[in-house]
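Accompanying notes for the structure given below.
Chain naming here is simple, since letters A, B, ... match the order of the sequence lines and numbering starts at 1 in each. Predicted model, so just to flag it, every value in this text is computed and none were measured.
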Amino acid sequence: MPELPEVETVRRGLAPAMEDARFEAVVAHRGDLRWPLPKDFVARLKGQTVVGLGRRAKYLLADLSSGDVLLMHLGMSGSFRVVRDGEAKTPGLFHYQRSDYGTHDHVVFRMSSGVTIAFNDPRRFGSMKLFPRSKIEDEPLLRSLGPEPLGNEFDAAMLAQACAGKRTSVKAALLDQRIVAGLGNIYVCEALNRSRISPRRVASTLATRAGAPQERTVLLVDSIKAVLADAIEAGGSSLRDHRQTNGDLGYFQHRFRVYDREGKPCPTRGCSGTIKRIVQGGRSTFFCPVCQK
DNA sequence: CCGCGGGCCTGAGAGC
DNA sequence: TGCTCTCAGGCCCGCG
């Protein structure tokens, strides 16, 4: 579910509750997540202070006073809920337990900032992991990620280079986290419509020509940055599971140009096309066959 | 190395 | 009402 804008929205919600706060208690209601929680998960967290909460691609990374990093991933259906003391429906050790939120609160943090944080994930495609900060360069989940799409490193020259020789579709290339890290199905579809590029175009056709990046590649990079920035500002997209950490919905779904809009008119100015749905790599792609070339 | 398809899970919605 | 089928925002693995 959550792509970069949703994860960044979650990070911004968690940061004031976690940064400079200590884990007073940790409960793992179940550890059989996408990958199993380590046996010493609770012991390694308890008593530690969160020095900073960052994000890399779709991963949240909490730096701990112990020197460990707590890595958290939301999978397809994960969410975090922050509840301040006094806001919970039922009293108890955490003032906020399973019965308060549902049956999928797999991990609950009680923080010294006076909040309880619940990680909820029905499908259990998300998980958490601990590793020493000193080993972050070796972390397999992070090691082969491409650049952050909102960073300076991601530009048309870099994308052109990464696409050179690739026989796969542009859609698949942009979903490949080794090329650029953080995009998912929604924002790839949206960025391609904004830049009027067909998702079926062969990726290598975005490569540099005559020594300079092509205009369409420049436009694609600009569109990716713009759609991500717009979505973050809107608190992400709430289709099924995504919530901001205070429980509010994101509202970028109201601004989708093509995603889940099969049969509706293309929003491109002057375009009379109709949004079409196709399947690429087993996943839905929404695009306008008229203006996206 | 590269690209593709399957699998991991649960829940919502459509169709009968 | 209730069953069955399909699909969902991600990512890893194994195959050819």
Side-chain angles (χ1 to χ4, degrees), chain A residues 1-10 29-37 55-60 71-80 98 101-106 119-129 139-146 149 162-192 199-204 224 227-228 231-232 234-244 249-263 277-286:
Chain A
M1 149 193 95
E3 306 181 32
L4 187 153
E6 289 73 37
V7 178
E8 178 59 24
T9 297
V10 169
H29 283 126
R30 63 187 295 175
D32 57 336
L33 307 183
R34 175 61 197 268
W35 56 86
L37 294 182
R55 178 189 57 72
R56 175 75 174 101
K58 302 171 194 172
Y59 296 95
L60 293 167
L71 172 151
M72 299 170 278
H73 193 269
L74 300 174
M76 287 281 267
S77 59
S79 62
F80 280 92
R98 283 190 192 209
Y101 190 43
T103 54
H104 301 293
D105 282 349
H106 307 311
F119 172 65
N120 185 281
D121 183 9
R123 294 177 72 179
R124 283 183 285 124
F125 286 177
S127 195
M128 300 190 190
K129 184 170 184 176
E139 171 49 46
L141 294 169
L142 305 177
R143 199 169 41 193
S144 51
L145 292 174
C163 287
K166 285 229 167 283
R167 301 307 303 159
T168 192
S169 66
V170 172
K171 167 87 185 298
L174 294 176
L175 285 175
D176 184 341
Q177 305 294 299
R178 295 169 298 185
I179 291 182
V180 56
L183 297 176
N185 208 30
I186 292 176
Y187 298 107
V188 167
C189 291
E190 293 297 308
L192 288 170
R200 298 194 271 213
R201 173 178 279 276
V202 173
S204 62
I224 289 168
V227 73
L228 294 177
I232 290 169
S237 303
S238 291
L239 297 186
R240 280 163 288 276
D241 304 291
H242 171 64
R243 289 284 189 286
Q244 304 191 44
L249 296 170
Y251 52 92
F252 192 73
Q253 66 278 11
H254 302 303
R255 289 167 53 191
F256 287 169
R257 293 167 60 95
V258 291
Y259 186 82
D260 205 19
R261 293 180 60 78
E262 185 180 20
R277 174 185 179 271
I278 60 173
V279 175
Q280 291 178 288
R283 316 191 59 192
S284 290
T285 298
F286 299 90

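In this model, the phosphate group of dG3(B) is not approached by any side-chain N or O of R167(A) to a distance below 4.0 Å at OP1 or OP2. The side chain of T168(A) places an N or O atom within less than 4.0 Å of a non-bridging phosphate oxygen (OP1 or OP2) of dC4(B). Regarding contacts with the backbone of dC11(C), a side-chain N or O of H73(A) is found under 4.0 angstrom from either OP1 or OP2. For the OP1/OP2 pair of dG10(C) and a distance below 4.0 Å, the side-chain nitrogens and oxygens of R283(A) include at least one atom meeting the criterion. Considering only side-chain N and O atoms, H104(A) lies nowhere under 4.0 angstrom from the phosphate OP1 or OP2 of dC9(B). Distances shorter than 4.0 Å separate none of the side-chain N or O atoms of S77(A) from OP1 or OP2 on dC9(B).
Distance CD (E3(A)) to P (dA8(C)): 13 Å, rounded to an integer number of Å. Put simply, CZ on R123(A) is 9 Å from C1' on dC8(B), counting in whole angstrom units. The distance from atom CG of L239(A) to atom P of dG11(B) is 18 Å, rounded to the nearest whole Å. One can place CD of Q280(A) at 14 Å from P of dG10(C), the figure rounded to the nearest angstrom. Atom CG in D176(A) sits about 9 Å away from atom P in dC2(B), given to the nearest Å. Rounded to whole Å, atom P of dC11(C) lies 17 Å from atom CZ of R143(A). In this structure, L141(A) places its CG atom 16 Å from P of dG10(C), rounding to the nearest Å. Separating the CE atom of M76(A) from the P atom of dC11(C) is a distance of 10 Å, rounded to the nearest angstrom.
Contacts of Y187(A) with the nucleic acid, taken as non-hydrogen atoms under 4.0 Å apart, are absent. In this structure, L175(A) reaches neither bases nor backbone, as no heavy-atom distance under 4.0 Å exists between it and the strands shown. The residue G282(A) sits apart from the nucleic acid: no heavy atom pair falls under 4.0 Å.
Looking only at atom types and distance, the side chain of R243(A) has no donor-acceptor partner in the side chain of S79(A) under 3.5 Å away.
Distance noted for atom P between dC9(B) and dG14(C): 16 Å (whole Å). Nucleotides dG6(B) and dT6(C) have their P atoms positioned 14 Å apart, rounded to a whole Å.
H242(A) and S238(A) get closest at one heavy-atom pair: O-OG, 2.8 Å. Nearest heavy-atom pair, E3(A) versus I186(A), reported as atom, atom and distance to 0.1 Å: OE2-N, 2.8 Å. Between F125(A) and D121(A) the shortest heavy-atom distance is N-OD2, 3.4 Å.
Between H73(A) and W35(A), the ring planes lie tilted relative to each other; the angle falls in the 30° to 60° range.
Within the shown strands, nothing qualifies as a pairing partner of dC9(B) under the Watson-Crick or G-U definition with both distances less than 3.5 Å.
Among dG11(B), dA8(C), dC11(C), the nucleotide with an atom closest to any side-chain atom of S284(A) is dA8(C).
In this structure a side-chain-to-backbone donor-acceptor pair under 3.5 Å is present from N185(A) to S284(A).
Checking K166(A) against R124(A), the closest nucleotide of DNA chain B that is more toward the 5' end is the one next to K166(A).
Evaluation of F125(A) against the base of dC11(C) yields no stacking contact (centre distance < 5.5 Å, interplanar angle < 30° required).
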